[in-house]
Amino acid sequence: MKSEPDEASITDLERADGQRLPWTGVRNFQARNFMRKEMRLGDGVLFYHSSCAEPGIAGLAEVCSAAYPDGTQFDPESPYYDPKSDPGKPRWYHVDVHHVATTPLLSLKAMRTRPELATMQVLRRGNRLSITHFTPEEWHAALAALVELGADSSILSRL
């Protein structure tokens with residue numbers, strides 16, 4: 001899951017009440033459908049900082065709610081307001097995520113040098129999705145890379 005750190009960073013998640021935040025503002029049908037139809041409680045999340053000086057994986061989170069309507073779509077004061085959304089038939093959904101670990105940054109540049117991460121969708125040129133799939137092998141490789149960078153080795157228990 002990608003987030004601009006000035007909007008919601010791994011530190012914001014770590015400091016949030018209950019270390020939990022709603023993943024609001026997704027306005028892409030493919031990402032919305034992934035949250036609504038495929039994400040499950042306890043699923044691991046690579047928390048990726050994007051659109052910043054040094055993008056990359058900054059920590060780990062987990063999905064801690066089922067998908068539910070994103071209230072920002074109905075708020076005219078929100079940058080994510082969607083005047084076409086109907087409260088009786090919401091267009092946009094989100095899940096909540098819970099902080100697991102803040103890690104050293106595994107930068108996009110470093111990710112590109114690791115053959116075991118080469119197949120990750122987030123590394124594909126032109127990828128603009130804020131939420132992408134990863135395989136169990138990619139998850140394992142990302143956790144191992146984070147530990148190599150100095151993350152607590154206890155994150156490997158999430159394999």
Side-chain angles (χ1 to χ4, degrees), residues 1-111 117 119-136 138-139 142-143 145-146 151-152 155 158:
M1 296 178 93
K2 295 191 318 188
S3 178
E4 296 175 13
D6 59 349
E7 173 118 3
S9 70
I10 190 70
T11 303
D12 294 332
L13 178 59
E14 184 175 17
R15 293 179 180 163
D17 187 31
Q19 296 186 313
R20 177 181 178 141
L21 289 173
W23 202 266
T24 59
V26 172
R27 297 298 182 264
N28 172 283
F29 288 105
Q30 187 176 358
R32 182 221 43 202
N33 290 344
F34 181 52
M35 283 191 291
R36 197 170 68 176
K37 297 177 181 177
E38 297 181 44
M39 286 184 151
R40 300 291 177 255
L41 291 174
D43 281 353
V45 172
L46 297 170
F47 196 112
Y48 186 96
H49 284 174
S50 66
S51 300
C52 57
E54 191 168 18
I57 299 169
L60 304 177
E62 69 180 8
V63 175
C64 63
S65 78
Y68 62 99
D70 180 345
T72 63
Q73 67 191 307
F74 308 119
D75 180 2
E77 303 299 315
S78 171
Y80 302 113
Y81 175 62
D82 182 351
K84 295 180 182 177
S85 287
D86 176 353
K89 190 175 179 187
R91 294 175 72 177
W92 305 110
Y93 285 74
H94 63 22
V95 297
D96 291 349
V97 296
H98 181 265
H99 181 268
V100 171
T102 299
T103 64
L105 184 74
L106 177 56
S107 71
L108 175 61
K109 183 178 178 182
M111 290 171 72
L117 298 177
T119 57
M120 290 186 78
Q121 189 175 349
V122 73
L123 297 181
R124 293 184 190 148
R125 297 278 182 210
N127 177 65
R128 305 276 304 151
L129 290 175
S130 60
I131 301 171
T132 57
H133 290 270
F134 53 79
T135 66
E138 292 164 343
W139 171 255
L143 294 185
L146 290 166
D152 190 304
I155 66 170
R158 301 198 57 85

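Just so it is clear, the model here is predicted, and its values are computed rather than measured. Heads up: numbering here begins at 1 and tracks the sequence.
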Check: [Y] main-chain N/O paired with [X] side-chain donor or acceptor under 3.5 Å:
X     : Y     : answer
His99 : Leu21 : no
Ser3  : Ala8  : yes
Asp12 : Ser9  : yes

Looking at the rings of Phe29 and Trp92, which for Trp means the six-membered one, are their centres under 6.0 Å apart? yes

For the student: nearest non-hydrogen atoms of [X] and [Y], plus distance:
X     : Y      : value
Ser50 : Pro5   : O-CD, 3.3 Å
Arg20 : Cys64  : NH2-O, 3.4 Å
Leu13 : Val97  : CD1-O, 3.6 Å
Ser78 : Thr72  : OG-CB, 3.4 Å
Glu54 : Ser107 : OE2-CB, 3.5 Å
Pro90 : Pro87  : CD-O, 3.7 Å

In Å and rounded to the nearest 0.5 Å, what is the [atom1] to [atom2] distance from [X] to [Y]?
X      : Y      : atom1 : atom2 : value
Trp139 : Asp43  : CH2   : CG    : 9.0 Å
Ser65  : Met35  : OG    : CE    : 9.5 Å
Thr103 : Asp152 : OG1   : CG    : 11.0 Å
Asp75  : Asp82  : CG    : CG    : 12.5 Å
Lys2   : Ile131 : NZ    : CD1   : 10.5 Å
Glu138 : Leu46  : CD    : CG    : 9.5 Å

Close side-chain approach of [X] to [Y], heavy-atom, < 4.5 Å:
X      : Y      : result
Ile57  : Val122 : no
Asp70  : Arg27  : yes
Val26  : His94  : no
Thr132 : Arg124 : no
Met111 : Leu106 : yes
Tyr93  : Arg91  : no
Leu143 : Leu60  : yes
Met39  : Phe34  : yes

Do you see a donor-acceptor pair shorter than 3.5 Å between the side chains of Tyr68 and Asp96? yes

Greater than 12 external heavy atoms within 6.0 Å of Glu4's CD: yes

